[in-house]
*Asks:* 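Below is the structure I would like to discuss, written out as structure tokens.
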Amino acid sequence: MAQMPVDVAETLAGLPLWSRADDPRPALSRTLIFNDFNAAFGFMTRVALMADKMDHHPEWSNVYNRVSVVLTTHDAGGVTELDIKMARFIDEAAQALGAKE
């Protein structure tokens with residue numbers, strides 16, 4: 001079933017740790033800071049396993065203890081329920097691994 005885009009502003013109201021990506025596309029973003037590289041990489045591994053299960057993969061980058069994430073559904077042209085589900089999972093994983101803002 002095709003994903004339909006949702007309103008980004010409305011979505012962000014339910015995801016207080018996220019913001020609209022500095023990007024021309026409708027997208028969500030969050031930067032997470034961990035204690036060290038091992039914690040950041042552990043977080044990315046946990047998210048990667050879920051992304052494969054969901055068949056929905058984040059755009060992200062990692063520099064030492066910092067992970068920057070952008071979520072959008074490319075084939076839908078915006079943010080969808082898949083991105084919301086992934087953002088919630090990322091929030092849970094980040095909290096479990098001690099991420100800081």
Side-chain angles (χ1 to χ4, degrees):
M1 183 167 120
Q3 291 288 315
M4 298 299 298
V6 297
D7 182 79
V8 174
E10 192 175 298
T11 298
L12 289 172
L15 296 169
L17 300 173
W18 292 80
S19 61
R20 184 178 177 100
D22 183 18
D23 192 296
R25 305 167 301 166
L28 309 175
S29 72
R30 183 172 177 200
T31 298
L32 303 110
I33 300 172
F34 295 89
N35 288 333
D36 55 25
F37 178 76
N38 267 350
F41 196 83
F43 162 79
M44 292 179 76
T45 301
R46 189 175 290 189
V47 173
L49 292 170
M50 176 57 80
D52 269 353
K53 285 182 187 176
M54 292 176 60
D55 193 25
H56 188 64
H57 304 86
E59 296 176 21
W60 56 8
S61 64
N62 165 242
V63 177
Y64 182 58
N65 67 336
R66 180 181 307 263
V67 179
S68 298
V69 182
V70 173
L71 298 174
T72 191
T73 303
H74 300 103
D75 59 355
V79 176
T80 68
E81 289 296 325
L82 284 172
D83 299 300
I84 295 168
K85 183 176 179 181
M86 180 61 75
R88 288 186 178 133
F89 180 82
I90 286 170
D91 289 348
E92 291 170 12
Q95 183 178 8
L97 292 167
K100 306 170 189 114
E101 284 304 308

*Asks:* Is it the case that atom CE in M4 sees more than 12 heavy atoms from other parts of the structure closer than 6.0 Å?
*Replies:*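 Open: at most 12 neighbouring heavy atoms sit under 6.0 Å from CE of M4.
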*Asks:* Drop me the distance from R30's CZ to L15's CG, to the nearest 0.5 angstrom.
*Replies:* 9.5 Å
*Asks:* Can you label the angle between the Y64 ring and the F37 ring as parallel, tilted or perpendicular, going by 30° and 60°?
*Replies:* parallel
*Asks:* Please check if any side-chain donor atom of E59 sits under 3.5 Å from a side-chain acceptor atom of H74, or the reverse.
*Replies:*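 Yes, because at least one side-chain N or O of E59 sits under 3.5 Å from a partner of the opposite role on H74.
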*Asks:* Kindly give the heavy-atom pair with the smallest separation between V70 and A21, and that separation in Å.
*Replies:* CG1-CB, 4.4 Å
*Asks:* In the structure I gave you, are the side-chain heavy atoms of P58 and V47 within less than 4.5 Å of one another anywhere?
*Replies:* yes
*Asks:* Say you draw a straight line from OG1 of T73 to CZ of R25; how long is it, rounded to the nearest 0.5 Å?
*Replies:*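 If we round to the nearest 0.5 Å, T73:OG1 and R25:CZ are 10.5 Å apart.
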*Asks:* Would you name the heavy atoms of F34 and A99 that are closest together and state the gap between them?
*Replies:*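 Here F34 and A99 meet closest at CE2-CB, 3.5 Å.
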*Asks:* Whether R46 and E92 form a salt bridge (side-chain N of Lys/Arg under 4.0 Å from carboxylate O of Asp/Glu) is what I want to check.
*Replies:* no
*Asks:* Counting distance only, does the side-chain N/O of S68 pair as donor-acceptor with the main-chain N or O of W60 below 3.5 Å?
*Replies:*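 Between the backbone of W60 and the side chain of S68 there is no qualifying donor-acceptor contact (under 3.5 Å).
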*Asks:* Can you tell me how far apart CZ (F89) and NZ (K53) are? Round to the nearest 0.5 Å.
*Replies:*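 F89 atom CZ to K53 atom NZ measures 7.5 Å (nearest 0.5 Å).
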*Asks:* When you group the ILVMFWY residues by side-chain heavy-atom contacts below 4.5 Å and let the links chain together, are L82 and M50 in the same group?
*Replies:*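 As far as the 4.5 Å side-chain criterion goes, L82 and M50 are connected within one cluster.
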*Asks:* With distance as the sole test, does D83 use its side chain to make a donor-acceptor pair with the main-chain N or O of A87 at under 3.5 Å?
*Replies:*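 No: the side chain of D83 does not pair with the backbone of A87.
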*Asks:* In Å and rounded to the nearest 0.5 Å, what is the CZ to CG distance from F41 to L97?
*Replies:*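 Reported value, rounded in 0.5 Å steps: 13.0 Å.
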*Asks:* Any idea which heavy atoms bring N62 and V67 closest together, and the distance?
*Replies:* ND2-CG2, 3.8 Å
*Asks:* Quick check: closest heavy atoms across G78 and T72, and the distance to 0.1 Å?
*Replies:* O-OG1, 3.3 Å
*Asks:* Using the side chain to side chain contact (heavy atoms under 4.5 Å, CB included) rule, take D75 and Q3 through it: C-alpha gap first, then chi angles, then the decisive distance, then the call.
*Replies:* CA-CA 8 Å; D75 59 355; Q3 291 288 315; 5.6 Å; no
*Asks:* Could you grab the distance from atom CD1 of I84 to atom CG of L71, nearest 0.5 Å is fine?
*Replies:* 10.0 Å
